[in-house]
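I have placed the structure first, in the form of structure tokens, so that the comments after it can refer back to it.
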Amino acid sequence: MILSLIGYRYSVYSWIAKLALVEKGIVYEWVETDPFAADLPDQFLTLSPFKRVPVLQHADFSLYETVAITRYVDEAFAGPDLQPSTPVDRARQSQILSIIDSYAYWPFVRQVFAQGVFAPQFGERVDPDALAAGLKTAPAILHVIAALKRDGPWMLGSAITLADIHLYPMLAYLAMVPEGAEMIRQYPGLEHWRQDMAARPAVMETVPLFTDPD
Ligand SMILES: N[C@@H](CCC(=O)N[C@@H](CS)C(=O)NCC(=O)O)C(=O)O
């Protein structure tokens with residue numbers, strides 16, 4: 001297989017990379033790797049020095065960092081364009097990606113989802129302070145994201161872009177906690193967008209299943 005994605009089934013960033021590949025219509029091989037495992041193989045550590053997933057391997061080219069991966073996927077392969085063409089739209093897309101990574105990932109995923117869904121489901125110790133901190137921080141981030149959403153079906157207006165692909169998995173994880181879902185409903189435009197994204201075939205094909213395979 002010429003193209004493979006090293007990822008973890010519950011990882012939000014792995015989901016983003018997968019979603020970009022599927023939206024683009026690219027066939028790839030999935031290589032399951034739990035980055036939280038104690039005994040990470042040396043080969044993975046060489047490919048991912050920060051011990052994170054996902055990692056994309058395209059023939060002898062190896063790439064980590066999700067934004068680099070999704071941009072590469074869009075630019076290196078045929079298929080529908082996943083990035084806008086004008087400087088203003090590209091800048092807005094970059095801004096949204098950066099906001100998501102810098103300010104949304106931690107409260108939405110590592111605090112609200114991890115403590116409100118993942119830990120209880122898999123019998124791990126729940127940190128109620130982390131959950132409360134995430135629920136406290138999340139509304140201000142959602143407010144900014146909702147304000148950046150343009151009129152039209154997608155974050156940047158009429159065409160789906162990497163802004164939608166990067167945001168949806170994070171918002172979907174936040175929405176798995178009832179308080180998170182309620183926060184999103186405060187912004188009807190964002191809630192409508194969330195439902196439209198949830199109905200996309202690429203999302204339905206890639207959405208993680210929260211059942212313990214072992
Ligand atoms: N900056 C990285 C972040 C990736 C990341 O944090 N992935 C998580 C899973 S969603 C991970 O590998 N975590 C392992 C850890 O924190 O030790 C990217 O954009 O790809």
Side-chain angles (χ1 to χ4, degrees), residues 3-24 26 28 30-58 61-76 82-83 93-119 121-122 124-127 130-131 133-134 137-138 141 145 155 161-177 180 203 206-213:
L3 192 71
S4 58
L5 187 68
I6 302 173
Y8 176 47
R9 69 191 69 200
Y10 305 121
S11 149
V12 76
Y13 280 110
S14 302
W15 185 9
I16 293 167
K18 232 195 264 193
L19 195 48
L21 285 160
V22 175
E23 285 284 0
K24 199 78 185 170
I26 299 170
Y28 65 98
W30 174 258
V31 181
E32 177 77 10
T33 300
D34 177 356
F36 299 98
D39 54 345
L40 287 166
D42 289 344
Q43 195 201 356
F44 174 70
L45 298 177
T46 307
L47 295 174
S48 183
F50 298 108
K51 305 183 187 177
R52 303 291 171 106
V53 290
V55 178
L56 185 80
Q57 291 190 280
H58 184 199
F61 178 54
S62 178
L63 189 65
Y64 59 86
E65 288 300 311
T66 304
V67 169
I69 291 171
T70 54
R71 285 199 165 124
Y72 178 74
V73 162
D74 186 42
E75 290 164 13
L82 299 178
Q83 297 181 87
Q93 175 185 260
S94 298
Q95 183 189 32
I96 293 170
L97 301 183
S98 189
I99 288 169
I100 294 165
D101 286 349
S102 304
Y103 309 111
Y105 169 63
W106 199 262
F108 290 10
V109 177
R110 294 298 289 267
Q111 293 181 315
V112 176
F113 165 77
Q115 303 304 323
V117 176
F118 190 90
Q121 171 134 359
F122 294 113
E124 294 180 4
R125 192 185 64 83
V126 173
D127 178 348
L131 176 58
T137 313
I141 318 294
I145 291 170
M155 283 304 291
T161 66
L162 296 183
D164 303 286
I165 288 169
H166 213 84
L167 179 60
Y168 180 73
M170 303 260 178
L171 232 63
Y173 274 14
L174 175 68
M176 287 181 74
V177 173
V203 168
T206 55
V207 64
L209 296 175
F210 284 90
T211 49
D212 194 340

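Atoms within a ligand are numbered from 1 in the order they appear, just like the ligands themselves. Basis for what follows: all heavy atoms, side chains included, without hydrogens, waters or symmetry-related copies.
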Original post:
Considering only the protein, which heavy-atom contact is closest to atom 9 (C) of ligand 1, and what is its distance?
Top reply: S11 OG, 3.5 Å

Subject >> For S14, all residues meeting side-chain hydrogen bond (donor to acceptor under 3.5 Å, both in side chains), sequence neighbours excluded >> reply: S11

Original post:
Considering only protein heavy atoms, which is closest to atom 12 (O) of ligand 1, and at what distance to one decimal place?
Top reply: V53 N, 2.9 Å

Original post:
Which of the numbered atoms in ligand 1 are below 4.0 angstrom from a heavy atom of V12?
Top reply: 10 (S)

Original post:
Any idea which atoms of ligand 1 are less than 4.0 Å away from a heavy-atom of P35?
Top reply: 11 (C), 12 (O), 14 (C)

**OP:** Determine whether any heavy atom of H166 lies closer than 4.0 Å to an atom of ligand 1.
**Re:** no

**OP:** Using a 4.5 Å cut-off on heavy atoms from C-beta on, say whether the side chain of M170 contacts that of I16.
**Re:** yes

Subject >> Residues, nucleotides or ligands: over 12 heavy atoms within 6.0 Å of F61 CZ >> reply: yes

Original post:
Hey, does D127 have a side-chain heavy atom less than 4.5 Å from the side chain of Q111?
Top reply: no

Subject >> Contact check, side chains of F108 and L171, non-hydrogen atoms, under 4.5 Å >> reply: yes

**OP:** Could you find the nearest protein heavy atom to atom 20 (O) of ligand 1 and give me its residue, atom name and distance?
**Re:** T66 OG1, 2.7 Å

**OP:** Flag yes if more than 12 heavy atoms outside E75 fall under 6.0 Å of its CD atom; otherwise flag no.
**Re:** yes

Subject >> Heavy-atom proximity to atom 8 (C) of ligand 1, best of Y105, F50, W106, Y173 >> reply: Y105

Original post:
So which protein heavy atom does atom 6 (O) of ligand 1 come closest to, and at what separation?
Top reply: R52 NH1, 2.9 Å

**OP:** Could you list the atoms of ligand 1 found under 4.0 angstrom from a heavy atom of R110?
**Re:** 16 (O)

**OP:** Tell me, please: is Y64 in heavy-atom contact with ligand 1, that is, under 4.0 Å?
**Re:** no

Original post:
Where does the angle between the aromatic ring planes of F113 and Y173 fall among parallel (under 30°), tilted (30 to 60°) and perpendicular (over 60°)?
Top reply: parallel

**OP:** Would you please classify the geometry between the F118 ring and the F122 ring as parallel, tilted or perpendicular, with 30° and 60° separating the classes?
**Re:** tilted

Original post:
Which residue owns the protein heavy atom closest to atom 17 (O) of ligand 1, what's the atom, and how far is it?
Top reply: F36 CE2, 3.8 Å

Subject >> Closest approach of any protein heavy atom to atom 5 (C) of ligand 1, naming residue and atom >> reply: Y13 CD1, 3.5 Å

Original post:
Pairs in or reaching into residues 94-106: which pass side-chain hydrogen bond (donor to acceptor under 3.5 Å, both in side chains), with residues at least two apart or in two chains?
Top reply: Y13-D101, R71-S94, R92-Q95, D101-H166, Y105-R110

Subject >> Identity of the nearest option to atom 2 (C) of ligand 1, non-hydrogen atoms only, from E65, M170, K51 >> reply: E65

